[in-house]
Amino acid sequence: MKNYDKIKKENYTLANLIEILQILRAPDGCPWDRAQTHTSVIGNLIEECYEVVDAIECNSDDKLQEELGDVLMQVAFHVVLAEERKAFVMQDVINTLCNKLIYRHSFVFGEDSANSAYEALEFWEKNKKIEKGQIKLQDTLSDLPKAFPALLRTEKAIKRINKAEIKFVEQKDIFAALHKQLESIQNGEDSSDSIGKLFILSTMLANQLHISAEEATRQTINNLINKLIYSDIQEENMHEIELKWEGKEK
């Protein structure tokens, strides 16, 4: 079999993974792999990360092992693409990561001291800002990836604003603003803008209540989906769906 004998091993290394991907990208390799770019496989990387989360929540070691391998493959694939452009190699990625871990853990590898998880995180964030030259709030907000899910990006932005000790609105003001946006929707005004503001205001409220808006939403939609999956509700019976969602079913 072509290429099989020279690559087949009982135990593979990270270097072997890179070699396999290089073979797939070769002129006589896989047409699909050869056609890919950094951009074209963005969705694959995101999907594999979500599948790792699912494996963790399913408490399945076998599934977690497999899905972590898929994420590692995505990392290695991007490295191979970068090698072809002579941008960087896997060793560069590893060096950058190790240097980051050592620098940001100044309380382990340096003179700082952290006696709790909270203190450790504070040092990590402080060292990250120094490393990236983030002096002003605008610097930290600009560093938020635009590819984040909107709710997660909102949550992180609000936390960074709070850390900058900018006075934020009180809960009563948030409730008033929520009512105002709901009224705007009822009055037929710009629904898209109002819905967006509703999500942001809800995330601000969640932050004040020390609740993760992302996690709360994920858990709630999971509960709703599970209730609908294991029920005989017809699609048109929205009243029953609402009762089940609120846990009021008979």
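Positions are given from 1, in the same order as the sequence printed here.
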For the side chain of [X] and the backbone of [Y], is there at least one donor-acceptor N/O pair under 3.5 Å apart?
{"X": "Thr220", "Y": "Thr217", "result": "no"}
{"X": "Asn99", "Y": "Thr96", "result": "no"}
{"X": "Arg34", "Y": "Arg25", "result": "no"}
{"X": "Asn226", "Y": "Asn222", "result": "yes"}

Same cluster or not: are [X] and [Y] linked, directly or through other Ile, Leu, Val, Met, Phe, Trp or Tyr residues, by side-chain heavy atoms under 4.5 angstrom apart?
{"X": "Phe77", "Y": "Leu24", "result": "yes"}
{"X": "Phe199", "Y": "Leu209", "result": "yes"}
{"X": "Tyr103", "Y": "Phe123", "result": "no"}
{"X": "Trp32", "Y": "Leu21", "result": "yes"}
{"X": "Ile185", "Y": "Ile174", "result": "yes"}

With a 4.5 Å heavy-atom cut-off, do [X] and [Y] have their side chains touching?
{"X": "Ile195", "Y": "Gln181", "answer": "no"}
{"X": "Asp70", "Y": "Asn44", "answer": "no"}
{"X": "Leu144", "Y": "Arg160", "answer": "yes"}
{"X": "Phe107", "Y": "Ser113", "answer": "no"}
{"X": "Tyr12", "Y": "Leu17", "answer": "no"}
{"X": "Leu205", "Y": "Phe175", "answer": "yes"}
{"X": "Leu72", "Y": "Leu14", "answer": "yes"}
{"X": "Val52", "Y": "Glu48", "answer": "no"}

Counting only heavy atoms not in [X], do more than 12 fall under 6.0 Å of its [atom1]?
{"X": "Gln138", "atom1": "CD", "answer": "yes"}
{"X": "Asn187", "atom1": "CG", "answer": "yes"}
{"X": "Lys128", "atom1": "NZ", "answer": "yes"}
{"X": "Lys126", "atom1": "NZ", "answer": "yes"}

As an exercise, state the distance from [atom1] of [X] to [atom2] of [Y], rounded to the nearest 0.5 Å.
{"X": "Ile23", "Y": "Asp33", "atom1": "CD1", "atom2": "CG", "value": "11.5 Å"}
{"X": "Asn207", "Y": "Ile158", "atom1": "CG", "atom2": "CD1", "value": "6.0 Å"}
{"X": "Arg153", "Y": "Leu141", "atom1": "CZ", "atom2": "CG", "value": "8.5 Å"}
{"X": "Leu152", "Y": "Thr203", "atom1": "CG", "atom2": "OG1", "value": "10.0 Å"}
{"X": "Glu19", "Y": "Thr13", "atom1": "CD", "atom2": "OG1", "value": "8.5 Å"}
{"X": "Lys197", "Y": "Ser184", "atom1": "NZ", "atom2": "OG", "value": "7.5 Å"}

Side chains of [X] and [Y]: do they bring a donor and an acceptor to under 3.5 Å?
{"X": "Gln22", "Y": "Glu83", "value": "yes"}
{"X": "Asp143", "Y": "Gln134", "value": "yes"}
{"X": "Glu155", "Y": "Ser212", "value": "yes"}
{"X": "Asn95", "Y": "Gln91", "value": "yes"}

Kindly determine whether Ile18 and Met90 satisfy side chain to side chain contact (heavy atoms under 4.5 Å, CB included), including the steps that lead there. CA-CA 9 Å; Ile18 295 291; Met90 180 60 82; 3.9 Å; yes
State plainly whether the residues [X] and [Y] are in salt-bridge range, i.e. N to O under 4.0 Å.
{"X": "Glu131", "Y": "Arg104", "value": "yes"}
{"X": "Glu183", "Y": "Lys180", "value": "no"}
{"X": "Lys63", "Y": "Glu57", "value": "no"}

Please state whether the rings of His105 and Trp124 are parallel, tilted or perpendicular, taking 30° and 60° as the class boundaries. perpendicular
Of the non-hydrogen atoms in Ile211 and Ala216, which two are nearest, and what is the gap between them? CG2-CB, 3.9 Å
Derivation of the side chain to side chain contact (heavy atoms under 4.5 Å, CB included) call for Arg85 and His38: CA-CA 11 Å; Arg85 297 185 292 108; His38 287 294; 3.0 Å; yes
Carefully, step by step, assess Leu81 and Gln36 under the rule side chain to side chain contact (heavy atoms under 4.5 Å, CB included). CA-CA 9 Å; Leu81 292 174; Gln36 303 313 306; 5.5 Å; no
Is there a side chain to side chain contact (heavy atoms under 4.5 Å, CB included) between Glu214 and Thr154 once you walk through the steps? CA-CA 9 Å; Glu214 180 78 14; Thr154 301; over 6 Å; no
